[in-house]
Amino acid sequence: MKKVVKFGGSSLASAEQFRKVGEIIHADRDRRYVVPSAPGKRFSGDTKVTDMLYDCYNTASASSDISAKINAIHARYQEIIDGLGLELSLDDEFQEIKAAFENQAGSDYAASRGEYLNGIVMAAYLGYEFVDAAEVICFDEDGVFDDEKTNVVLSARLAGSDNAVIPGFYGAMPDGSIKTFSRGGSDITGSIVARAINADLYENWTDVSGFLVTDPHIVKDPATIETITYRELRELSYMGATVLHADAIFPVRQEGIPINIKNTNRPQDPGTLIVESTCRQPKFTITGIAGKKGFCAVNIEKDMMNSEIGFGRKVLQVFEENGISFEHVPSGIDTFTVLVHQSEFMEKEQSVISGIHRAVHPDMLDLESDLALIAVVGRGMRATRGTAGRIFAALSHANINVKMIDQGSSELNIIIGVRNEDFENAVKAIYDIFVLTHL
Ligand code: ASP
């Protein structure tokens, strides 16, 4: 068996955390390829090394002295090196980094050094080979990730290495300049490495024991999701659930490699298993609840709209011409609603309104702002009757008015629109009826 293990910043924030990581890796010989993040927060209120690097680089860009900031970053690594009792010096690296910052090497280069240096420390600690991501994670000349080239280069490189550390978050463009993924991008690197070596499992180690059924800021101590499919996860991540970077799913999904989200501080917990498909039914009919605030509904009414061929296209074209993506389009016999992100829509609203008037001559057009969307997601819904009924009963008991309903044809999710101020109560009510009453 071959496993790729990715460790997040909080798992690598201190020597103590590094030790836990070392124990985890040594406990299973299949854990052969390690993808580290940069050191994260050691305590709440602490600063992630990546943020220190961005900040330091901004100072360098303003041509101010960065010595103190570079030293502070160096100290973070030195604390780990000393705590682990390693014979390792990063003096040369820091000298080079300082000079590169002063020569405006770019903010991607700057941010990537967090993972690069942590990779060196990790490789020294484990006695594994260090493989610089700049050599094996390829971006094209426009800075777009080149998955096929990377797959060829990376699998050839790792074929010659039984155990290796590959830093997360960055790669390089054809001219050698460093390019990073978006924030949290080490998850993507882990997934790319798992694909390249045809791993049996991609373990993603973090500081929570897997995905929670819903946001712990809304529901106290929510249950953990044991198994989730890629598609369910995509729905939940899209609607705001974080833990894993949304783009981390694609590389492993292409090969059907499962991802296991695990907790470095509680390795005995099973965590969450993310799979292509499974016959394991979720414990609670629904797999998860996620949502976002800040949507706006553009409601359009026109008599006989249904018989007017091309009506929907003309309306949506107005949004397209204004560069606005739409979220949902619930429609009735003489009504058509377009749901959009309020922040994106706001500056273009007048241009969209006049565009719709010109395009379809509606009888009535109004805007309703401050709406929230809640996605109730679960592969178990397809086989269960009454899920929608239970959701709406729960919301009505909680005195919440439902503004919009949309059930995807996959029957994998039901999207509900409520007012922003009802959002938290709505999530709680749905959680209670499906999960709390079944624990
Ligand atoms: N260190 C980077 C960040 O803070 C990437 C990562 O941790 O995945 O976003």
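Counting convention: from 1, in listed order, for ligands and their atoms alike.
- Relative orientation of the Tyr57 and Phe101 rings is perpendicular, given thresholds of 30° and 60° on the angle between their planes.
- Atom CZ of Arg234 sits in a sparse spot, with 12 or fewer heavy atoms from other residues, nucleotides or ligands closer than 6.0 Å.
- If you look at ligand 1, the protein residues with a non-hydrogen atom under 4.0 Å away are Ser37, Lys48, Thr50, Glu115, Phe169, Arg183, Gly184, Gly185, Ser186.
- For the residue pair Thr287 / Glu232, a side-chain donor-acceptor distance below 3.5 Å is found, with atom types taken as modelled.
- Ring geometry for Phe319 versus Phe345: interplanar angle under 30°, hence parallel rather than tilted (30 to 60°).
- By the 6.0 Å contact criterion, CD on Glu320 is open, its count of non-hydrogen atoms from other residues, nucleotides or ligands being 12 or less.
- Classified by interplanar angle (parallel below 30°, tilted 30° to 60°, perpendicular above 60°), the ring pair His74/Phe94 is parallel.
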